[in-house]
Amino acid sequence: MNASQLLIVRRRHAGNFTQIPNSLIRNEHLSLKALGVIVHLLSLPPGYRISLEGLCAARKEGETAMRTAIQQLESLNYMRIVRDRSASGRFIQSRWIVSDEPIVEWAPHLENPRVEEPVLDQPVQGDQGATNTVFVETLDSSKTTTTWPEDTPPDTDESAALIVDEGDEECWLWLCQKLSLEPQRTRDQCTGLSTSVALDVLAEVLECKRQNSIRKTVPQFLASLLRRAREGKFSLSAGSELRRDLRLIIRRQQAVENAAKPAPVRAADKPENGSSTGREEFQRMRDQLTRKVRTSTITGGIP
């Protein structure tokens with residue numbers, strides 16, 4: 001059997017995309033139908049209202065085939081459908097819990113799931129395309145659904161304080177200035193993260209701000225990315241080029257600012273006290289010549 005050569009055209013996306021691990025895509029135990037279903041589910045924002053009928057309508061698939069794909073995903077621990085009931089046994093609602101990696105122990109997730117608020121606005125019905133969202137499940141040890149305010153970092157008293165060395169201090173201050181953030185307060189928010197990761201997050205926020213792709217305030221978006229970073233879910237995307245060339249960009253900006261400053265007056269260019277400048281000396285010589293010409297005209301050229 002002759003094999004054909006595969007050619008791939010990739011484009012760089014600054015937003016409206018979904019990250020899928022290769023381990024999921026290349027899982028040989030997943031059928032293409034089940035893979036298509038989980039990729040579609042992972043592209044939806046957390047909190048999206050989903051149903052079997054709606055999923056079948058969105059993907060133009062029969063209910064029997066869709067149920068088979070979902071059962072395969074459940075058997076491989078990629079998803080669970082939880083049906084909540086009241087104390088009397090009355091059905092209340094169902095929750096679809098989806099993961100991009102198999103989950104071995106589902107009990108904590110089924111008992112008290114809490115998902116991170118999506119970066120995007122409210123979902124739009126119909127064909128939504130791909131979205132730049134990440135489904136994040138975290139456990140609440142107090143078994144409540146209380147979440148931190150968007151612009152308030154979690155308690156990090158027991159975490160190591162962020163230490164920015166001299167080499168990164170310049171980058172840190174520059175990014176904070178561009179984002180109108182107070183450097184010390186921002187440093188406190190990044191407690192528990194490495195300097196490199198913290199700079200990655202700031203670069204991502206700045207580039208998203210430049211592209212006008214932030215649907216929240218800058219502090220809210222920053223807090224959201226910091227939570228992802230602490231959970232190991234953050235990956236540099238839109239700000240990758242800015243982060244890579246950050247030091248060079250700062251150097252160029254400093255060179256432009258220095259070139260725009262007026263050149264200092266050198267000591268040799270300053271006139272000494274009591275002496276006239278070159279312009280004044282020229283004016284004096286011209287006045288003397290004018291007086292001599294007038295005198296010569298009046299006397300008829302006789303000295």
Side-chain angles (χ1 to χ4, degrees), residues 9-17 19 119 132 150-151 153 160-230 234-287:
V9 179
R10 296 187 188 277
R11 294 176 176 83
R12 181 176 183 80
H13 301 283
N16 196 31
F17 67 94
Q19 292 182 336
V119 174
N132 184 16
E150 287 292 343
D151 56 349
L162 178 67
I163 300 177
V164 181
D165 58 26
E166 294 182 1
D168 293 324
E169 183 73 19
E170 186 177 45
C171 297
W172 179 267
L173 295 176
W174 188 86
L175 288 169
C176 289
Q177 179 186 17
K178 293 297 181 181
L179 292 169
S180 300
L181 298 172
E182 201 281 315
Q184 185 56 51
R185 184 175 185 273
T186 306
R187 186 173 308 188
D188 295 339
Q189 287 180 295
C190 296
T191 298
L193 299 177
S194 67
T195 303
S196 177
V197 172
L199 290 174
D200 287 349
V201 171
L202 290 181
E204 184 78 7
V205 174
L206 178 56
E207 189 59 29
C208 289
K209 179 185 177 183
R210 288 176 173 175
Q211 296 176 5
N212 197 28
S213 60
I214 299 179
R215 304 304 183 196
K216 306 177 181 181
T217 65
V218 168
Q220 289 174 342
F221 187 59
L222 174 61
S224 176
L225 294 190
L226 289 176
R227 282 197 298 271
R228 293 188 191 180
R230 290 189 177 91
F234 171 77
S235 60
L236 194 59
S237 178
S240 57
E241 292 186 5
L242 172 63
R243 182 68 175 94
R244 182 193 64 199
D245 302 330
L246 184 55
R247 295 182 186 277
L248 178 60
I249 293 173
I250 294 176
R251 294 290 182 271
R252 288 177 177 174
Q253 179 175 318
Q254 290 175 342
V256 172
E257 292 176 350
N258 292 334
K261 294 179 180 178
V265 180
R266 295 176 299 177
D269 296 335
K270 295 182 179 180
E272 298 180 359
N273 294 334
S275 64
S276 59
T277 64
R279 182 182 296 275
E280 293 173 346
E281 181 66 18
F282 176 76
Q283 183 65 35
R284 187 177 62 81
M285 294 175 62
R286 189 174 64 175
D287 293 342

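Side-chain contact check for Glu170 versus Trp174: every heavy-atom pair is 4.5 Å or farther apart. Looking at heavy atoms from C-beta onward, Arg228 lies out of side-chain contact with Glu204 at the 4.5 angstrom threshold. Side-chain contact between Arg12 and Ser240 is present, with heavy atoms from C-beta onward closer than 4.5 Å.
Residues Ile249 and Leu242 share a closest heavy-atom pair of CD1-CD1, 3.6 Å. Residue Arg230 comes nearest to Thr191 through the heavy atom pair NH2-O, 3.1 Å, listed as atom of the first residue, atom of the second, then distance. In plain terms, the two heavy atoms of Trp172 and Cys190 that are nearest each other are CH2-SG, 3.8 Å. The two residues Lys216 and Gln220 make their nearest non-hydrogen contact at CB-OE1, 3.4 Å. In terms of heavy atoms, Asp200 sits closest to Leu236 at O-CD1, 3.3 Å. The minimum heavy-atom distance linking Ala229 with Val201 is given by the pair CB-CG2, 4.2 Å.
Separating the CD atom in Gln177 from the CG atom in Leu179 is a distance of 10.0 Å, to the nearest 0.5 Å. Expressed to the nearest 0.5 Å, how far CG of Leu199 lies from SG of Cys171 amounts to 6.5 Å. The CZ atom of Arg243 sits 8.0 Å away from the CG atom of Leu175 when rounded to the nearest 0.5 Å. Summarising the geometry, atom CG belonging to Leu173 is positioned 13.0 Å from atom NZ belonging to Lys178; distances are rounded to the nearest 0.5 Å. The line from CZ of Arg187 to CG of Leu193 is 13.5 Å long, rounded to the nearest 0.5 Å. The line from CD1 of Ile214 to CD of Glu207 is 10.0 Å long, rounded to the nearest 0.5 Å.
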request  = Assess whether side chain to side chain contact (heavy atoms under 4.5 Å, CB included) is satisfied between Gln184 and Asp188, documenting all intermediate values.
outcome  = CA-CA 6 Å; Gln184 185 56 51; Asp188 295 339; 3.1 Å; yes

inquiry  = If you apply the rule salt bridge (Lys or Arg N to Asp or Glu O under 4.0 Å), what do you find for Asp168 with Arg247, and how did you get there?
reply    = CA-CA 9 Å; Asp168 293 324; Arg247 295 182 186 277; 2.6 Å; yes

task = Could you please spell out the steps behind the side chain to side chain contact (heavy atoms under 4.5 Å, CB included) verdict for Cys208 and Arg215?
result = CA-CA 10 Å; Cys208 289; Arg215 304 304 183 196; over 6 Å; no

message = Using the rule given for side chain to side chain contact (heavy atoms under 4.5 Å, CB included), can you reason through Thr186 versus Leu202, listing the C-alpha separation, both sets of side-chain angles and the distance that settles it, and then say yes or no?
response = CA-CA 10 Å; Thr186 306; Leu202 290 181; 4.1 Å; yes

